[in-house]
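First the structure, in the form of structure tokens, and then the observations on it.
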Amino acid sequence: MTRSTASKMADTAKDTAKEVTETAKAKASVKAEAAKEEVASRVAEQADNFREASTAFEGNDLASDAVKYLGDNLAHAASAVRDMDLTHIQQDVTHFARRNPLVFFGGAAALGFLAARAMKASERAGAVATAPDRHNYPGVPENQAAYPDQNARRWGYS
């Protein structure tokens, strides 16, 4: 293989890698924009819910104003999310992480911990929601009705 052939192959490989990188960045950007719009939409929906809820506090102006204030702030946050430039945010996060690595990684660890706790709690909530109640097992004490598999033989339901 000659040097010119090897050079052409290297250039072709670089061009292909550059195209793949640009395609991946474009796809990631599209997905990030869609996610950003979804977040903004949900926040705006919650803002509307708060504004509607403020009418439920008739006779309590302080509570009504507080809930309406929360709704207005959420609406402002939704528009701020829609107006965000993802490239600028990425640069800000990168600069912050470089200046404060301990805070950044500590925050990331804390967020991971909170996410794990939230997932675990949602699993427990799902399990409790699907557990049979004591009405399905008449005569079984309430504290044992939540665990019918363990107590089914004892109470004659197996």
Side-chain angles (χ1 to χ4, degrees), residues 9-137 142-152:
M9 289 176 66
D11 289 342
T12 302
K14 286 179 185 177
D15 292 342
T16 302
K18 186 176 180 180
E19 288 176 21
V20 168
T21 301
E22 289 174 3
T23 302
K25 283 182 180 179
K27 286 182 179 181
S29 178
V30 167
K31 287 189 177 191
E33 286 293 328
K36 182 178 82 166
E37 184 56 39
E38 176 69 22
V39 167
S41 175
R42 287 186 181 198
V43 171
E45 183 179 321
Q46 290 304 317
D48 292 340
N49 290 342
F50 271 98
R51 287 177 179 154
E52 281 182 34
S54 70
T55 62
F57 292 100
E58 292 179 12
N60 189 346
D61 292 337
L62 181 63
S64 177
D65 290 345
V67 172
K68 188 172 187 290
Y69 178 77
L70 285 171
D72 292 342
N73 283 331
L74 281 175
H76 179 69
S79 66
V81 168
R82 280 193 180 97
D83 296 339
M84 285 182 186
D85 177 22
L86 294 177
T87 305
H88 183 69
I89 293 170
Q90 178 192 10
Q91 291 170 351
D92 287 348
V93 169
T94 302
H95 291 304
F96 178 80
R98 287 184 180 156
R99 284 178 295 184
N100 306 300
L102 291 177
V103 174
F104 180 77
F105 288 117
L111 284 174
F113 177 73
L114 291 173
R117 299 236 340 140
M119 288 172 44
K120 199 172 193 178
S122 67
E123 288 175 6
R124 278 192 226 126
V128 170
T130 60
D133 60 5
R134 67 186 175 110
H135 301 292
N136 294 334
Y137 299 92
E142 184 175 348
N143 63 344
Q144 293 180 357
Y147 306 101
D149 295 337
Q150 295 172 357
N151 297 302

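We use all heavy atoms of the structure for the numbers below, so side chains are in, but hydrogens, waters and symmetry mates are not. Please read these numbers as outputs of a predicted model, since none were measured by experiment.
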> Residues in salt bridge (charged side-chain N to carboxylate O under 4.0 Å, His left out) with Glu52, at least two apart?
Replying inline: none

> Should we count CG of Leu114 as having more than 12 external heavy atoms under 6.0 Å?
Replying inline: yes

> Do you know the tightest heavy-atom contact between Val81 and Val39?
Replying inline: CG1-CG1, 4.3 Å

> Any donor and acceptor pair, going by atom type alone, linking the side chain of Thr23 with main-chain N or O of Glu19 inside 3.5 Å?
Replying inline: yes

> How long is the gap from CG on Asp65 to CG on Leu70, to the nearest 0.5 Å?
Replying inline: 11.0 Å

>> If I compare all heavy atoms of Val67 with all of Phe50, which pair ends up nearest, and what's the gap?
In response: CG1-O, 3.0 Å

>> I need the Lys27 NZ to Glu22 CD distance, nearest 0.5 Å.
In response: 13.5 Å

> Can you find a pair of side-chain heavy atoms, one from Asn49 and one from Gln46, that are under 4.5 Å apart?
Replying inline: yes

> Within the side chain of Ser29, is there an N or O that forms a donor-acceptor pair under 3.5 Å with the backbone of Lys25?
Replying inline: no

> Closest approach of Ala75 and Ala47, non-hydrogen atoms and distance?
Replying inline: N-CB, 3.4 Å

>> Between Arg42 and Glu45, does any side-chain N to carboxylate O distance fall below 4.0 Å?
In response: no

> From Leu62 CG over to Tyr69 OH, what is the distance, rounded to the nearest 0.5 angstrom?
Replying inline: 13.0 Å

> Do the side chain of Ser64 and the main chain of Thr55 share a donor and acceptor less than 3.5 angstrom apart?
Replying inline: no

>> Would you say that Phe96 contacts Val103 through its side chain, given a criterion of any heavy-atom pair below 4.5 Å between the two side chains?
In response: yes

>> Run the side-chain contact (heavy atoms from CB on, under 4.5 Å) test on Arg82 and Lys36 for me, step by step, so that the C-alpha distance in whole Å, both residues' side-chain angles and the decisive distance to 0.1 Å come before the verdict.
In response: CA-CA 7 Å; Arg82 280 193 180 97; Lys36 182 178 82 166; 5.7 Å; no

> Do the non-hydrogen side-chain atoms of Arg99 and His95 ever get within less than 4.5 Å of each other?
Replying inline: yes

>> If the condition is side-chain contact (heavy atoms from CB on, under 4.5 Å), which residues does Asp72 pass it with, not counting sequence neighbours?
In response: Arg51, Lys68

